[in-house]
Enquirer: 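Have a look at this one.
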Amino acid sequence: MINVIIPITSVEKGYAEMIGELAFDDELNVLVGICESCQDKIVFDSNVKTIVFKDGTNKEQMINSLSMLVLAGKILILRRVLGRKDLEKFLSSNESIVLGAKKKRNKVEGKKEMKEKE
């Protein structure tokens, strides 16, 4: 069983499609947390467990609350909308922890550059 936790604080294009695709998989336990102001903008399938939170609740608070409803098995937390290919990669992964972070290209300063700034 894979538990999919999706916190929604603002409605973005693609949430309804992504959740709709997940709802038809019997091996997934889809848990959605959504703010009061967003709940009328997205319609969910009956297979999706939806919890409505007060406006102003952040994604981390939603994730913590929804984690109480997790069944035995893996957990997938989707903080943003993912395309079909990315979803399939995450769901089929055998890794214990997988992150979908964007790569940041920051310049690493050397000792000489740091001394010049001081």
Enquirer: Can you confirm whether Glu17 is buried at CD, in the sense that more than 12 heavy atoms of other residues, nucleotides or ligands lie under 6.0 Å from that atom?
Expert: no
Enquirer: Is Ile63 reachable from Val11 through a run of hydrophobic residues whose side-chain heavy atoms are each under 4.5 Å from the next?
Expert: no
Enquirer: If you take all heavy atoms of Glu36 and Val52, which pair is closest and at what distance?
Expert: CG-CG1, 3.7 Å
Enquirer: Look up atom OG in Ser65 and atom CG in Leu31, then write down how far apart they are to the nearest 0.5 Å.
Expert: 11.5 Å
Enquirer: Going by heavy atoms in the side chains, are Val32 and Ile51 under 4.5 Å from each other?
Expert: no
Enquirer: Looking only at side-chain N and O atoms, does Asn29 offer a donor or acceptor that is under 3.5 Å from a partner on Lys49?
Expert: yes
Enquirer: Would Glu27 and Lys74 pass as an ion pair if we require N to O under 4.0 Å?
Expert: no
Enquirer: Less than 4.5 Å apart, any side-chain heavy atom of Phe24 and any of Asp45?
Expert: yes
Enquirer: With rounding to the nearest 0.5 angstrom, report the OG to CD1 distance, Ser67 to Ile5.
Expert: 6.0 Å
Enquirer: In terms of hydrophobic clustering (I, L, V, M, F, W, Y; side-chain heavy atoms under 4.5 Å; direct or indirect links), are Val70 and Val48 co-clustered?
Expert: no
Enquirer: Mind checking whether Phe44 and Leu66 sit in one hydrophobic cluster, side chains of I, L, V, M, F, W, Y counted as touching below 4.5 Å?
Expert: no
Enquirer: Crowded around Asp55 CG? As in, over 12 foreign heavy atoms under 6.0 Å?
Expert: yes
Enquirer: Given the rule that I, L, V, M, F, W and Y join up when any side-chain heavy atoms are under 4.5 Å apart, are Met1 and Val30 in one cluster?
Expert: no
Enquirer: Do you know which two heavy atoms are closest between Met62 and Thr9, and how far apart they sit?
Expert: CE-CG2, 3.9 Å
Enquirer: What is the distance from atom CD of Gln61 to atom NZ of Lys54, rounded to the nearest 0.5 Å?
Expert: 11.5 Å
Enquirer: Show the nearest heavy-atom pair for residues Ser10 and Cys38, with the distance to one decimal.
Expert: CA-SG, 3.8 Å
Enquirer: Looking at every non-hydrogen atom in both residues, tell me the closest pair between Pro7 and Leu78 and how far apart they are.
Expert: CD-O, 3.3 Å
Enquirer: For the pair Lys59 (side chain) and Arg79 (backbone), establish whether a donor and an acceptor sit closer than 3.5 Å, ignoring hydrogens and angles.
Expert: yes
Enquirer: Salt bridge or not between Glu21 and Arg84? Use side-chain N to carboxylate O under 4.0 Å.
Expert: yes
Enquirer: Between CD1 of Ile6 and CG of Leu22, what distance do you get to the nearest 0.5 Å?
Expert: 5.5 Å
Enquirer: Please confirm whether the backbone N or O of Phe53 pairs with a side-chain atom of Thr57, one donor and one acceptor, at under 3.5 Å?
Expert: no
Enquirer: For the CG atom of Leu28 and the CG atom of Leu71, what is their distance to the nearest 0.5 Å?
Expert: 11.5 Å
Enquirer: Checking the side chain of Asn64 only, and the main-chain atoms of Glu60 only, is there a donor and an acceptor separated by less than 3.5 Å?
Expert: yes
Enquirer: Do Ile34 and Ile19 share a hydrophobic cluster (ILVMFWY, side-chain heavy atoms under 4.5 Å, transitive)?
Expert: yes
Enquirer: Would Val4 and Ile77 satisfy side-chain contact (heavy atoms from CB on, under 4.5 Å), going step by step from the backbone distance to the final call?
Expert: CA-CA 6 Å; Val4 182; Ile77 300 173; over 6 Å; no
